[in-house]
Amino acid sequence: MASRLTIKTPRGYRFARDVCSYGFFLLAPNHWDPRTRTFSRVLDLPGGPAAVAMTEPARGELQARFTRTLSPGDRAAAVRQITRMLRLDETADTIREFHRLDPRWKRSGRGRLMRSPTFFEDVIKTVTSCNITWPSTIAMNRRLCEVVGRGGAFPTARLLARARRTTLRARCRVGYRDARIIELARKFVAGEVDEAWLADPATPDDTVWKALLEWPGIGPYAAANIMQLLGRYSRLPLDTESIRHGKTVLGLRGSNRQIMRAVHAHFAPLGHHAFRGYWFELWEFYEARRGKSWTWERDVTAATFTASQLK
DNA sequence: GGTAGACCTGGACGC
DNA sequence: GCGTCCAGGTCTACC
């Protein structure tokens with residue numbers, strides 16, 4: 001028999017707004033149905049993959065319906081993964097602190113950024129977003145789930161550590177990222193990645209930054225993005241989109257390098273909430289052109305969400 | 001510290 | 001249908 005879970009959400013949490021708050025919600029195995037406002041995906045649980053469909057039947061709680069019966073171990077893992085993915089462990093006080101620093105988002109209540117059920121998925125999704133256009137990122141993630149993942153789930157580190165470079169390149173079309181993805185997966189499997197230490201507020205941002213830059217395939221953009229996915233919002237993952245934003249929205253002029261520096265300086269007063277302010281400004285720009293994010297279809301964004309088309 | 005070129009894929013474009 | 005060009009971060013070599 002199928003299992004159901006009811007999960008309480010923090011005060012101010014809004015399912016559609018907060019799920020559709022970061023591009024990862026459009027990447028497989030994630031799927032958002034704008035008509036029914038249902039978020040679904042396959043979670044990799046101790047008892048095997050399980051498809052889940054989530055809705056918000058009432059304010060303050062989410063309902064997760066699974067396609068199979070969950071063991072107690074499965075249920076605990078599912079709650080842990082959903083909590084991580086939706087950042088339900090970020091308190092209302094944290095969001096209020098962000099709104100005090102950047103009051104533009106107080107009315108809409110924005111503050112949380114969707115991420116993945118596991119840190120490993122966050123890291124690989126970041127690598128698949130580097131040096132590539134958005135449609136290819138969407139395709140790569142879909143193929144990784146279809147070709148390597150179990151039962152439609154995102155591939156685990158163990159599966160990717162064992163994958164062949166030729167499989168990733170020829171069937172998942174990840175290009176030169178093949179070796180880097182496998183090396184990263186092997187680091188996770190070998191126990192060389194201490195997520196608790198990386199996420200611990202007692203570990204300085206600079207220390208985490210330097211550690212991430214040592215990882216294969218991780219440069220300044222990817223490291224800053226992984227940091228925000230760890231809950232460290234002081235650094236900005238700046239890319240070509242940021243340059244477009246700096247020019248068209250902030251009115252900045254100069255070389256790309258100068259604009260990057262100016263964007264950093266612009267958001268620096270937000271301190272350890274800088275990325276939230278930067279990101280929601282970018283998100284609002286997209287929504288002004290494409291409608292609210294919870295109305296977006298994955299295939300439509302694949303065709304239209306690229307820096308060159310948003311100029 | 002800064003810069004040039006290679007690394008891949010997929011879409012746009014010209015013929 | 002084919003060839004060429006371009007967008008997109010990271011890495012390495014070089015100055």
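Among the heavy atoms of the strands, none lies under 4.0 Å from A:A139.
Salt-bridge formation is detected for the pair A:R276/A:E90: a Lys NZ or Arg NE/NH1/NH2 atom is positioned less than 4.0 Å from an Asp or Glu carboxylate oxygen.
Inspection of the A:S71 and A:D74 side chains reveals an N or O donor paired with an N or O acceptor under 3.5 Å. Looking at A:S129 and A:T126, their side chains never bring a donor and an acceptor atom within 3.5 Å of each other. Under 3.5 Å, the side chains of A:E241 and A:Y286 contain a donor-acceptor pair of N or O atoms. For the residue pair A:S242 and A:D239, a side-chain donor N or O sits within less than 3.5 Å of a side-chain acceptor on the partner. Side-chain contact annotation: A:D205 with A:S234, donor-acceptor N/O pair under 3.5 Å present. Residues A:D122 and A:S116 have side chains that bring a donor and an acceptor to within less than 3.5 angstrom of each other.
Across the protein-nucleic acid pair, A:R171 atom CZ and B:dT9 atom P stand 15 Å apart, rounded to whole Å. Atom-to-atom, CZ of A:R257 to P of B:dG2 comes out at 5 Å; the value is rounded to the nearest Å. Atom pair A:D239:CG and C:dT10:C1' shows a separation of 13 Å (rounding to whole Å applied). Rounded to an integer number of Å, the gap from A:M140 CE to C:dG8 P is 14 Å. Between A:I226 atom CD1 and C:dT10 atom C1' there is a gap of 13 Å when expressed in whole angstrom units. Rounded to a whole Å, the CD1 atom of A:I218 is 13 Å from the P atom of C:dT12. In this structure, OH of A:Y221 is placed 14 Å from P of C:dC11, rounded to the nearest angstrom. Spacing between atom CG of A:N256 and atom P of B:dA4 amounts to 13 Å, rounded to whole angstrom units.
Checked by atom type and distance alone, the side chain of A:R68 pairs as donor or acceptor with a backbone atom of A:P49 at under 3.5 Å.
Each end of the helix from B:dG1-C:dC15 to B:dC15-C:dG1 yields a helix axis from five base pairs, and these two axes differ in direction by 40° (to the nearest 10 degrees).
Note on A:T240: a side-chain N or O is less than 4.0 Å away from OP1 or OP2 of C:dG8. The phosphate of B:dG10 (OP1 or OP2) has a side-chain N or O of A:R143 nearer than 4.0 angstrom.
Ring-plane geometry between A:F120 and A:F188 is classed as perpendicular, the angle between the planes exceeding 60 degrees on a 0 to 90 degree scale with a lower cut at 30.
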Using a cut-off of under 3.5 Å, enumerate the N/O to N/O pairs linking the protein to nucleotides 5-8 of chain B.
unit_1: B:dC8; atom_1: OP1; unit_2: A:R169; atom_2: NH1; d: 3.1
unit_1: B:dC8; atom_1: OP1; unit_2: A:R169; atom_2: NH2; d: 2.7

